[in-house]
Amino acid sequence: MQGYIYPNEFELQWSLLIVLYPYLTGLVAGAFILASLERVFNVKEVQPTYRLSLLTALAFLLVAPLPLLAHLGHPERSYEIFLTPNTNSAMAMFGFVYAWYLAVVLLLEVWFDYRKDMVLWARESRGVRRWIYYVLTLGATDISEKSLRFDDSAGRWITVIGIPSAFLLHGYVGFIFGSIKANPWWSSVLMPVVFLFSAMVSGIALVLVLYMLTTMFRWRKIDMACLDKLAQFLFYALVVDFSLEALDFIHRLYESEESIEILRQLIESRLFISLIVLQVVMGTVIPLIALALVSPGLKKGGFLRTPPELRQIIYLVAAVFIQIGIFSIRWNVVIGGQLFSKSLRGLTVYKVELLGIEGLAMTIGLLLLPFVILWVLVKLLPPWSDGPEPDTPPASG
Amino acid sequence: MPQQVPRLAAVFAVAVIGLFVARSLLVPDTFGDLGHYRAAAIDTIVAHPKEYAGHQECTMCHRPIAEQRAASNHRGVRCEVCHGPAAAHVANPLEIKPAVPRERDLCVLCHAYSPSRPTGFPQIDSVTHNPRMPCAGCHEPHAPEPPVTPRECSACHGQIANQLAVSHHAELNCGTCHEAPKEHRDNPRAVRPTKPAERSFCGTCHAADARSSERIPRIDLRSHGQPYVCWQCHYPHYPEAR
């Protein structure tokens, strides 16, 4: 603690879990937007990641509300926001934004995309699995040419609706922060847009990592064209994201409202590591330079010619750095916004608890849970189209 | 019509109808009558039994304590804050007695040190502030007084006093060497006592020609230890020479 703070600012009300929540929804929106690239904009290179992105988005979306439930307590009352909608409260509308996105966008799109396969799997398998697949098809087992064409066009339309919905989902999260006008660190119309682009960055980076890891562990060859394209999109999204953040920052500096002094202190002391070191240097500048140098999408062959193996490693490291950077962004927004006093004259501190419902252990648990769900989803609905797994790893070389 | 449409429509219809059925079953009747809440909640709350009597009630039977408290630093802290809800006691004073909180936990609720308390609010660190004794043993809970600052120098300068007491200077008072204004005790950092500044001060007892007790060891003030002041070599509160 330093300087003067109001009594109710000593303890932070929005804890680590609230950092996690925008991080998770960002991954959902980002992964979905990546999937829609293939679907709507016909970017053929990223096709191998299409289904993986959808399942990733689904797995993370299922976990996204859990931090909120844990933070608020009383999960048994959560259904009430559906029963008595309060249209005056952006937070209370969350249930509907979420339900729309889950039921109307993601589940439908996955369903249309997998329906043919599920019908086939239902026919091939026996026992419980057969029934599971059959129930999942909802009994719609017609896989005639005409019916499949309908699946395809329905899927495309849902994606078209889905893109604004993904924008809505994550823009909404940014909106919640941006609309808190009493807090100079949050209150900014750019907030939803910044959130959105950082969401795309994190989603693409996550799918890139997942794609590389899953391919490697299935002893397949990584499709370099796909990876290069992903890296290229990652680069573009990162450029826009960084520019927006910089715009926001410069705008604040130029406006120089009375809060600027305390925000300066905030950045120089409390947020130095997480904002300057992790977010800007590690999460943005280093990946930007690395991607710009090696990505063959920007200049044929890349500014630096690199063998694919090296490029893979660079992509992987850049994507992991970006994840750390994006998590820091969420931290800086959520925790940073509560570290300074509304009197603009003092800073408090935030100590993360280890156990406890809002603690570090819970956060790590909730961060791992989507991967468990993803694993189950992948077992149930294999997203790969490259034939059965080889029994033995291919001979090296 | 493709087979998918009716199947999906059915699922969504079930969900939407389910929502409306749940709404009609679960949303209380009076919800929304007055605002975004159950209007009947007001009656429910009104129907709760009264547990607090209010401090005015206590005055009738506990006049001395009530008057004491009303004039004290705790005038803003009502009886039932400490003694708990006492409506039942007022109704039946002999049978039902309110709690008498003698544990330290109660006072610490308000007086434990916390940066979020307003500046100047009396606060203590319960771990170091006379632990293992009930607060009421030293502070009258119905009329706590602000602490009086101790008068003796030793209360605050304990270490110096202890050293001095076993030193060759044991017979000297603080006042021999320091002039401490009365205000120093109340506001020690702002009002400072004097400290000896020159060699000649020690010379009043130790110089060869000093008019002091024979027993006091003498030095040649002009040569001994020049050019330093005496307390660069001899700690005045524990002077050593041998």
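Taking the side chain as every heavy atom from C-beta outward, B:R23 and A:P85 approach each other to under 4.5 Å. Looking at heavy atoms from C-beta onward, A:S147 lies in side-chain contact with B:Q4 at the 4.5 angstrom threshold. With a 4.5 Å cut-off on side-chain heavy atoms, A:F150 and B:V5 count as touching.
Comparing A:N88, A:D142, A:N8, A:T84 by heavy-atom pairs within less than 4.5 Å of chain B, the highest count is held by A:T84. Among the candidates A:T141, A:I5, A:T348, the residue making the largest number of heavy-atom pairs closer than 4.5 Å to chain B is A:T141.
For CG of B:L34, the number of neighbouring non-hydrogen atoms (other residues, nucleotides, ligands) closer than 6.0 Å is greater than 12. By the neighbour-count criterion of 12 heavy atoms within 6.0 Å, atom CZ of A:F272 is sparsely surrounded, having that number or fewer from other residues, nucleotides or ligands. Within 6.0 Å of the OH atom in A:Y350, the count of heavy atoms belonging to other residues, nucleotides or ligands exceeds 12. Atom CG of B:D43 has more than 12 neighbouring heavy atoms from other residues, nucleotides or ligands inside a 6.0 Å radius. At most 12 heavy atoms of other shown residues, nucleotides or ligands fall within 6.0 angstrom of atom CZ in B:R102. Around CD of A:E268, the count of heavy atoms belonging to other residues, nucleotides or ligands within 6.0 Å exceeds 12. Counting heavy-atom neighbours within 6.0 Å of B:Q232 CD, excluding the residue itself, gives a total above 12. Counting heavy-atom neighbours within 6.0 Å of B:F121 CZ, excluding the residue itself, gives a total above 12.
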Any chance you could lay out the side chain to side chain contact (heavy atoms under 4.5 Å, CB included) test for B:F31 and A:L83, step after step, and finish with the verdict?
-> CA-CA 11 Å; B:F31 186 91; A:L83 298 187; over 6 Å; no
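In this structure, chain A has a heavy atom under 4.5 Å from the side chain of B:F12, while its backbone stays farther away. For a residue to count as touching a neighbouring chain, one of its non-hydrogen atoms must lie under 4.5 Å from one of that chain's; by this rule A:A103 touches chain B with backbone and side chain alike.
Taken to the nearest 0.5 Å, the CG atom of B:L8 stands 4.0 Å off from the CH2 atom of A:W111.
When the heavy atoms of residues 112-120 of chain A are compared with those of chain B, the residues falling under 4.5 Å are A:F112, A:R115, listed by number.
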